[in-house]
Amino acid sequence: MKRHIASVLVLVMASVFCVGALAQQMVPNPMVEMESPAAVEEKLGVKLALPEDAVVGACYAIAENLGEVNFTWQGVNYCLRAQAGDELTDISGMYGDFAYTEDVEIEAFKVALSLNDGADGLALWYADGASNALIVAEGASEDALLNYLIEIC
């Protein structure tokens with residue numbers, strides 16, 4: 001009986017190990033770190049509009065179709081995402097409620113602003129054949145979002 005229980009335990013442990021190993025092989029990390037915003041643009045065919053004096057951090061190609069650049073500009077940390085497509089899609093990954101929402105027009109862009117003042121904020125727009133999302137995780141303000149949009153237009 002003890003041998004039977006030991007055999008079953010060994011089989012269970014081996015199965016768990018094999019399933020874990022297979023799962024790791026089957027689900028690769030969709031985020032590939034890139035060298036620069038230009039490298040992301042070249043790989044995905046999207047434009048990542050950054051202010052000239054932005055301090056660029058990490059850059060990613062995500063799931064072979066979404067570009068992301070993290071940067072700091074005028075003391076605010078931003079995440080900019082872009083994804084090629086035929087119409088505006090919310091690619092932000094932010095699905096909470098916002099205290100303030102407004103649709104504005106900056107130059108030729110129609111922009112959907114959403115924010116919790118002083119906390120998180122989001123601007124969504126469609127330009128150059130791509131959906132764009134500008135995300136501020138903390139310290140968001142309408143001015144911070146609008147100043148960026150005015151700068152890149």
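A continuous path of Ile, Leu, Val, Met, Phe, Trp and Tyr side chains, each step under 4.5 Å between heavy atoms, connects Phe109 with Leu113, placing both in one hydrophobic cluster. Under a hydrophobic-cluster definition in which Ile, Leu, Val, Met, Phe, Trp and Tyr are linked whenever side-chain heavy atoms come within less than 4.5 Å, directly or via other members, Val136 and Trp125 are assigned to the same cluster. Both Leu146 and Val76 are assigned to one and the same hydrophobic cluster, defined by single-linkage of ILVMFWY side chains at heavy-atom distances under 4.5 Å. The hydrophobic clustering, which links ILVMFWY residues whose side-chain heavy atoms are closer than 4.5 Å, places Leu48 and Val32 together. Under a hydrophobic clustering in which Ile, Leu, Val, Met, Phe, Trp and Tyr are joined whenever their side-chain heavy atoms come within less than 4.5 Å, directly or via other members, Phe98 and Leu124 fall into the same cluster.
Atom CG of Asp117 sits about 8.5 Å away from atom CD of Glu142, to the nearest 0.5 Å. To the nearest 0.5 Å, atom CG of residue Asn132 and atom CD1 of residue Ile91 are 6.5 Å apart. Here the CG-CE distance, from Asn116 to Met94, works out to 8.0 Å after rounding to the nearest 0.5 Å. With values rounded to the nearest 0.5 angstrom, Asn147 atom CG is found 5.5 Å from Gln74 atom CD. To the nearest 0.5 Å, atoms OH (Tyr148) and CG (Leu80) are separated by 4.0 Å. Here Ile135 contributes atom CD1 and Leu122 contributes atom CG; the two are 6.5 Å apart, rounded to the nearest 0.5 Å.
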Output side-chain donor-acceptor pairs under 3.5 Å for residues 53-68, partner residues at least two apart or in another chain, one line each.
{"from": "Asp53", "atom 1": "OD1", "to": "Trp73", "atom 2": "NE1", "distance (Å)": "2.7"}
{"from": "Glu64", "atom 1": "OE1", "to": "Lys43", "atom 2": "NZ", "distance (Å)": "3.4"}
{"from": "Asn65", "atom 1": "OD1", "to": "Gln83", "atom 2": "NE2", "distance (Å)": "3.3"}
{"from": "Glu68", "atom 1": "OE1", "to": "Arg81", "atom 2": "NE", "distance (Å)": "2.8"}
{"from": "Glu68", "atom 1": "OE1", "to": "Arg81", "atom 2": "NH2", "distance (Å)": "2.9"}
{"from": "Glu68", "atom 1": "OE2", "to": "Asn70", "atom 2": "ND2", "distance (Å)": "3.3"}

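By the 6.0 Å contact criterion, CD on Glu105 is enclosed, its count of non-hydrogen atoms from other residues, nucleotides or ligands being greater than 12. Asn29 CG: more than 12 foreign heavy atoms inside a 6.0 Å radius. The local environment of CD in Glu52 is sparse, with at most 12 non-hydrogen atoms from other residues, nucleotides or ligands closer than 6.0 Å. By the neighbour-count criterion of 12 heavy atoms within 6.0 Å, atom CD of Glu42 is sparsely surrounded, having that number or fewer from other residues, nucleotides or ligands.
Between Pro37 and Leu50, the closest heavy-atom pair is CG-CD1, 3.6 Å. Heavy-atom minimum distance, Leu149 versus Ala123: CD1-CB, 4.2 Å. Closest approach of Pro51 to Phe71, counting heavy atoms only: CD-CE1, 4.1 Å. Of all heavy-atom pairs between Ala140 and Leu115, the closest is O-CD1, 4.4 Å.
Using modelled atom types and a 3.5 Å distance limit, the side chains of Ser92 and Asp90 yield a donor-acceptor pair.
Here the side chain of Tyr100 pairs no donor or acceptor atom with the backbone of Gly121 at under 3.5 angstrom.
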